[in-house]
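One structure is given here, and the rest of the page talks about it.
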Amino acid sequence: MVVIAFMFVVRPVEGHKQVRESDDSSFLFTYSICLVSSASLVLVFFSTPRPSSEEKLLANPLLPRQDTSELILSEGKLLQAATDGAVRAKRGKRPRSGENFTLTQALVKADFLLIFASLILALGFGIFVIDNIGQISQSLGYTNSSIFVSMISIWNFLGRVGGGYLSKIITRPLAMAILQVIMAFEFFYYAMGWLGQIYVVTVLIGLGYGSHWAILPAAIPYQLKGFLNNRWLVFVCSMWIQSCGGAGYLFGSISPVIKSKMGYNQKQVAILAVAKDLGAYLGFVAGSLSEIFPTWVLLLVGALQNFVKYGLLWLIVTQRLPNLPLWVVTMHMYIYVGTNGETFFNTAVLLSCVRNFPENRGPVVGILKGFAGLSGAILTQVYYMIKVPDKAALIFMVAVGPTVVVIALMYIVRPIEGHKQVRESDGSSFLFTYCICLVLAAYLLGVLILEDFMSLNETLLTLLVIGLIVLILTPIIIPVVLVFFSKPKHSEVEESLLSESEKQEAGTSEQEINEAILSEVEDEKPPEVDVLPASERRKRMNELQDKLIQAAADGAVRVKSGRKGPHRGENFTLAQALMKADFLLIVTSMILAAGSGLTIFNNLGQITQSLGYNDSSIYVAMISIWNFLGRVGGGYLSEIITRDFAYPRPLAMSIAQVIMSFGFFYYAMGWPGKIYAVSLLVGLCYGSHWAILPASVSELFGLKSFGALYNFITLANPAGSLIFS
């Protein structure tokens, strides 16, 4: 009867046009009525005697009404500009976060699926307790369960009222997170059987469960989209993918198992290693697909390849499938569906993060490639925690673990116009990330030393691996702080009303002008500028650039046109780059340096066994750590050389190659501790190449065909490995 009486009153009425200054007072009055109502209900239930045999049914919680009103940005300048036609709202084929979605459209968005998964955990537990509060109270010795059923309903009511108020003070997803932590504490309190547990259950579950239904409807179009569209979240998720996506570096641990189980000799294992390298670095397909499909397609293809390749290898090694001839294993598993999946991971994360951090290419590439190099040590430690006597279990873990992680994160890692999210705090964020990297490397190195000199029990190994996982997850603090504890810039609101075509035209024209001016500076600079000190050279180049810009604006000079091909720093296709001596020199250098380094990686298991060491996995993990530090440090070193001293980034590559050659010389002379010298120097210098190379390629040959260019250069790895093996 009540609903029928009011059904014509409750409706959308364009309430955004009825905003008044007295609204705050009205809400304050409403809150007061809610508190008085709940207090009176508590008094009624505690003062009125109730028959113990009476049973009350708890009403189903009200579902949140869908908010169909649109968010109207009432900023005078923007509305006036839209009226005059100076700006207009974006029109696209698909809605974006904050716009109107159908259910079908929402089901393919990571925002919606993340909210749904969170509610399964939080609200699922909450409604489970509410449904069973009668049985819970009876099991604790209370005869009248209806009092507690009514009490949890009152706290549910207060949670819904207070949750809406709390979400107005702080960001809504953060409020949901706080409430879920409180609910988790309640479950712990109840499980421990502490004093007054039934009252704690009714208070905390009622408040936490009810407040979700106040926050949820407003949270869907709110700051969660800002979190999922934050470039630092993309960067952190890329780190996680790389930390388990470089399973090819575990070949040194897997090869002895393959050699013994399948009856191969050392020459056949070497052929298998070269074939593995071809699969890991034959990235033409990934580079080509990156220009056509979104990054989640690349990640999905890579995950499926990883699962099929290592899954088949595990079935063969454990003799669940018949032993295949060497050429079948080589061609089908390693080239076609093998470690080629790693090229899809690398292409997707590097392309996304280099575009999101164009001003920090060196550090970003160094950190990402560092985590890829560290993946061997990380997966080794997880394998030790599982402690399966059969070493073939390592292959099974590599088949399943990375596949699950990549599929879980594939919708988050993507280019999101991160250059518009530049903040003053980016320097501090990178410093925090570098600190995490150093702590992680030191932690892993310490764990390996302990395992080498001591016999650790299973409990201690488990605790060490849990600490490792916590360190890997720690960088998520950066996007959480940036999104939930800082204010967005107003310029982002204004940019959101510009059409996509206008922004692309403006960005393209500005980029073309800047590239043309920089090209003119390169052509017009006097020869003596190259021999000046770094600070003076940078000053002279800036002065020349300013003069050219002013002259072009006055019409005194004009930018050259009709060139046959792009200049350094502009966008090259692969065919254009192959005609440049710079590109061919980089490829040749990588064949010699990276090829020799990869040969050590692939044969480290046999090297350690020939020197009398029984457990090669420790040294495989150790060289992975130095590889990680080389990639992180190489990106940082190359950034200093480029920005502070104005030298070209490839200079850092030449320094690394000189140090690597000394490491090979030390090993060839048979001096004491050569296995440690090889793992240290080769690991550091080989890793630094993969931090410096992508940044150099993007700076010299542009970002338009970066995927194809990068994957072509990575062919130097298997080519060099074939020669030196």
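Nothing here was measured: the structure is a model prediction, and the numbers come from that model. Numbers here are sequence positions counted from 1.
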Q | Min side-chain heavy-atom separation L592-Q657 under 4.5 Å | A | no
**Q.** Sidechain-backbone polar pair: S705 side chain, A708 backbone, donor-acceptor under 3.5 Å
**A.** no
Q: Rounded to the nearest 0.5 Å, what's the gap from OG on S698 to CG on L693? Could you check?
A: 9.5 Å
Q: Report yes if the side chains of W690 and M590 come closer than 4.5 Å at any heavy-atom pair, otherwise no.
A: yes
Q.
Against Y686, only a single residue in F601, W626, F664 fulfils ring pair (Phe, Tyr, Trp, His ring centres under 6.0 Å); can you say which?
A. F601
Q | Rounded distance (nearest 0.5 Å) linking atom CD1 of I367 with atom CG of N360 | A | 9.5 Å
Q | Minimum-distance pair of heavy atoms, taken over all atoms of F371 and F628 | A | N-CD1, 3.6 Å
Q. Under the side-chain hydrogen bond (donor to acceptor under 3.5 Å, both in side chains) criterion, do W232 and D426 qualify, and how do the steps go?
A. CA-CA 9 Å; W232 278 97; D426 284 345; 3.3 Å; yes
Q | Minimal non-hydrogen separation, L651 against S654, with atom names | A | O-OG, 2.6 Å
Q) Does I476 reach the side chain of L233, with side-chain heavy atoms less than 4.5 Å apart? A) yes
Q | Non-hydrogen atoms of H689 and A656 that approach each other most closely | A | CE1-CB, 4.0 Å
Q.
Does L473 form a side chain to side chain contact (heavy atoms under 4.5 Å, CB included) with I469? I'd like the steps, not just the answer.
A. CA-CA 6 Å; L473 296 178; I469 294 173; 4.0 Å; yes
Q. Judged by modelled atom types alone, do T347 and N711 share a side-chain donor-acceptor pair under 3.5 Å?
A. yes
**Q.** Full working for side chain to side chain contact (heavy atoms under 4.5 Å, CB included) between F235 and V349
**A.** CA-CA 8 Å; F235 185 37; V349 300; over 6 Å; no
Q.
When you compare the side chain of Y667 with that of I607, does any pair of heavy atoms fall below 4.5 Å?
A. yes
Q | Any donor-acceptor pair under 3.5 Å from R649 side chain to I692 backbone | A | no
Q | Within 6.0 Å of CZ in F430, more than 12 heavy atoms from elsewhere | A | yes
Q) Can any side-chain N or O of R631 pair as donor or acceptor with the backbone N or O of K369 at less than 3.5 Å? A) yes
(Q) Assess, by modelled atom type and distance only, whether the side chains of S375 and Q242 contain a donor and an acceptor separated by less than 3.5 Å. (A) no
**Q.** Minimum heavy-atom distance P475-V236, with the two atoms named
**A.** O-CG2, 3.5 Å
Q) For the side chain of Q381 and the backbone of I378, is there at least one donor-acceptor N/O pair under 3.5 Å apart? A) no
Q. Any donor-acceptor pair under 3.5 Å linking the side chain of S638 with the backbone of G635?
A. yes
Q.
Rounded at 0.5 Å granularity, tell me how far CD1 in I478 sits from OG in S429.
A. 5.0 Å
Q. Does the side chain of L578 come within less than 4.5 Å of F712's, by heavy atoms?
A. yes
Q.
side chain to side chain contact (heavy atoms under 4.5 Å, CB included) for L681 and M660? Distances and angles first, verdict last.
A. CA-CA 6 Å; L681 297 181; M660 180 185 271; over 6 Å; no
Q: Give, for atom OG1 of T295 and atom CG of L289, the distance between the pair rounded to the nearest 0.5 Å.
A: 12.5 Å
Q. Does the side chain to side chain contact (heavy atoms under 4.5 Å, CB included) test come out yes or no for L684 and I659, once each step is laid out?
A. CA-CA 9 Å; L684 282 174; I659 298 174; over 6 Å; no
Q: Would you mind reporting whether L444 and L471 have side-chain heavy atoms less than 4.5 Å apart?
A: no
Q) Rounded to the nearest 0.5 Å, how far does CG of N356 lie from CZ of R361? A) 12.0 Å
Q. Taking the side chain as C-beta and beyond, is there a heavy-atom pair between F706 and L350 under 4.5 Å?
A. yes
Q. Can you check whether W240 reaches L409 side chain to side chain, under 4.5 Å on heavy atoms?
A. yes
Q.
Ignoring hydrogens, what is the shortest heavy-atom contact between G683 and I623? Give both atom names and the distance.
A. CA-CG1, 4.0 Å
(Q) side-chain hydrogen bond (donor to acceptor under 3.5 Å, both in side chains), that's the test. Do R414 and S352 meet it? Break it down for me. (A) CA-CA 5 Å; R414 66 209 187 280; S352 299; over 6 Å; no
Q) How far does CG of L298 sit from OG of S290, to the nearest 0.5 angstrom? A) 6.0 Å
Q. Closest approach of A577 and L709, non-hydrogen atoms and distance?
A. CB-CD2, 3.5 Å
Q: Verify the neighbour count for atom CZ of F583: are there more than 12 heavy atoms of other residues, nucleotides or ligands below 6.0 Å?
A: yes
Q. Are E699 and R568 close enough for a salt bridge, meaning some N to O gap below 4.0 Å?
A. no
